[in-house]
Amino acid sequence: MKKVIKNGTVVTATDTYKADILIENGIISSIAQQIQLNGAEAEVVDAAGHLVFPGGIDPHTHLEMPFGGTVSRDDFETGTIAAAFGGTTTVIDFCLTTKGEPIENAIETWHAKSKDKAVIDYGFHLMIGEINEKVLSELPAVIEEEGITSFKVFMAYKNVLQADDETLFRTLITAKELGALVMVHAENGDVIDYLTKKALADGHTEPVYHALTRPPEVEGEATGRAALLTGLADSQLYVVHVSCANAVDKITEARNNGVDIWGETCPQYLVLDITDLEKPDFEGAKYVWSPPLREIKHQDALWSALKNGQLQTLGSDQCSFDFNGQKDLGKGDFTKIPNGGPTIEDRVSILFSEGVKKDRISLNQFVDIMSTRNAKLFGLFPQKGTIAVGSDADIVIFNPNKERVISAETHHMAVDYNAFEGMKVTGETVTVLSRGEFVIKDKKFVGKLGTGKYLKRAKYNRIQNAMQEDE
Ligand SMILES: NC(=O)NCCC(=O)O
Ligand SMILES: [Zn+2]
Ligand SMILES: [Zn+2]
């Protein structure tokens with residue numbers, strides 16, 4: 001049956017206007033000031049007093065990911081349900097590879113994790129841990145057959161996920177040839193390895209040492225190095241989870257020099273800070289992310305970078321671990337605390353409440369940062385990331401004035417704590433449609449497991465993204 005969303009305020013990355021939206025066969029078929037249909041023809045959804053914007057696209061999730069001897073708690077079922085409750089309709093998850101193992105096995109593993117579970121659409125990025133003739137021979141099929149058009153390289157997590165500079169450089173060259181966007185976790189893993197060993201040898205075991213052994217300089221250095229190699233390879237780079245001014249400065253400098261480089265930050269870096277890691281009774285472990293939470297001054301740098309376009313996107317970096325039974329693996333040794341936290345559900349709300357409501361970014365920037373730009377960078381636009389005739393009807397109906405408090409008591413993630421516990425936010429997702437079907441209706445989950453579709457994504461489009469830059 002057709003659906004018509006009536007009386008809402010439509011918000012895209014460029015426009016804000018009152019209009020009705022007609023949905024047929026999962027696609028937006030008409031947008032007009034008034035769409036008149038009788039009740040027998042279409043289901044009417046009244047969005048009066050609400051914003052109607054494209055579903056969020058979260059380009060950075062780790063669902064059911066093995067890490068530090070355990071596995072992240074939220075999987076494609078609980079993770080995508082929580083994402084939908086938070087106004088996100090697409091996630092792109094990181095498919096981890098193992099050196100020496102065929103890439104197709106890794107991708108198969110990720111398909112097995114997600115199929116029959118996801119309630120919203122999803123895609124994968126591919127981790128590159130090594131480059132050799134075998135890997136090079138496998139990558140064209142990854143792009144052409146799987147539609148995986150982004151590769152991820154870790155510059156940190158020594159002896160686990162970390163790749164060397166040759167691997168990064170060759171990945172950049174190969175990505176340019178094949179039409180992929182390279183993503184990088186930019187921290188100097190070798191320096192961190194030294195600093196963490198020294199901290200432990202000096203008897204420092206508490207969670208805050210996670211941050212003290214990963215100072216902003218090591219993120220700035222790695223970001224600058226990755227940017228330089230990208231310029232040298234004339235390739236394209238997306239720096240994930242930027243946490244500090246040092247990294248923003250390197251990205252800005254490279255962009256000013258014509259390097260095709262993009263930066264993502266995450267909600268935790270915008271609203272939490274290093275003092276959270278100092279909480280007593282090992283509670284600081286809840287706030288262990290890599291890169292770590294920073295001194296509060298870095299928050300201002302990140303907000304102004306989002307406003308000025310020096311950073312372009314917000315990912316959640318969802319990688320949740322229970323406080324009891326997972327984070328506590330690191331009691332007595334901060335290096336054993338699994339890195340990551342639950343953020344998928346609150347990403348959109350925090351950007352709206354702290355960004356739009358506090359006048360740090362505009363409403364249209366909000367849509368661009370949490371959805372549209374991600375669609376463009378990751379080969380999903382205009383199928384996703386906007387409200388336009390012909391686009392998928394991935395739509396959020398959002399109450400911009402509802403005040404509420406974030407809490408583990410009410411969240412939908414599987415973990416036993418919420419990193420933003422007690423935070424007051426304004427704005428609430430009311431109804432969410434994925435390809436025209438309700439997933440959340442009047443704040444209740446009405447979706448079905450397995451209805452989320454795997455997305456084969458288009459190649460990285462430098463012209464399209466460069467054109468956005470010129471606007
Ligand atoms: N960010 C984090 O601490 N955990 C997830 C893995 C990663 O993105 O580095
Ligand atoms: Zn990372
Ligand atoms: Zn991550």
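Heads up: numbering here begins at 1 and tracks the sequence. As the structure lists them, so they are numbered: ligands from 1, and atoms in each ligand from 1.
H298 and Y269 have their aromatic ring centers separated by at least 6.0 angstrom.
In summary, the atoms of ligand 1 found under 4.0 Å from a heavy atom of H185, numbered by their order in the structure, are 9 (O). Which parts of ligand 1 touch H60 is read off a 4.0 Å heavy-atom cut-off, strictly below it: atoms 8 (O).
Closest approach between the Zn ion (ligand 3) and any N/O/S atom of D317 involves OD1.
Seen from the Zn ion (ligand 2), atom ND1 on H185 and atom NE2 on H241 lie at an angle near 90° (rounded to 10 degrees).
The nearest protein atom to atom 4 (N) of ligand 1, hydrogens excluded, is given as N339 O, 3.1 Å; this is a heavy-atom distance. Annotation: atom 3 (O) of ligand 1 to nearest protein heavy atom, S290 N, 2.8 Å.
A tilted orientation is assigned to the rings of F67 and F321, their planes being inclined by 30° to 60°. Ring geometry for Y157 versus F154: interplanar angle of 30 to 60°, hence tilted.
Ion pairing between R360 and E354 holds under the 4.0 Å rule for side-chain N and carboxylate O. Salt-bridge check for D276 with K279: passed, with a basic side-chain N closer than 4.0 Å to an acidic carboxylate O. Using a 4.0 Å cut-off between charged nitrogen and carboxylate oxygen, R170 and E130 do not count as a salt-bridge pair.
Not one N or O of K152 is nearer than 3.5 Å to an N or O of ligand 1, by distance alone. Polar contact check, Y157 against ligand 1: a nitrogen or oxygen pair lies under 3.5 Å apart.
With D317, T343, T61, V240 as candidates, the residue nearest to atom 5 (C) of ligand 1 on a non-hydrogen basis is D317.
By the 6.0 Å and 45° rule, K197 does not stack over the aromatic ring of Y194.
Here H62 reaches the Zn ion (ligand 3): one of its N/O/S atoms is less than 2.8 Å from the metal.
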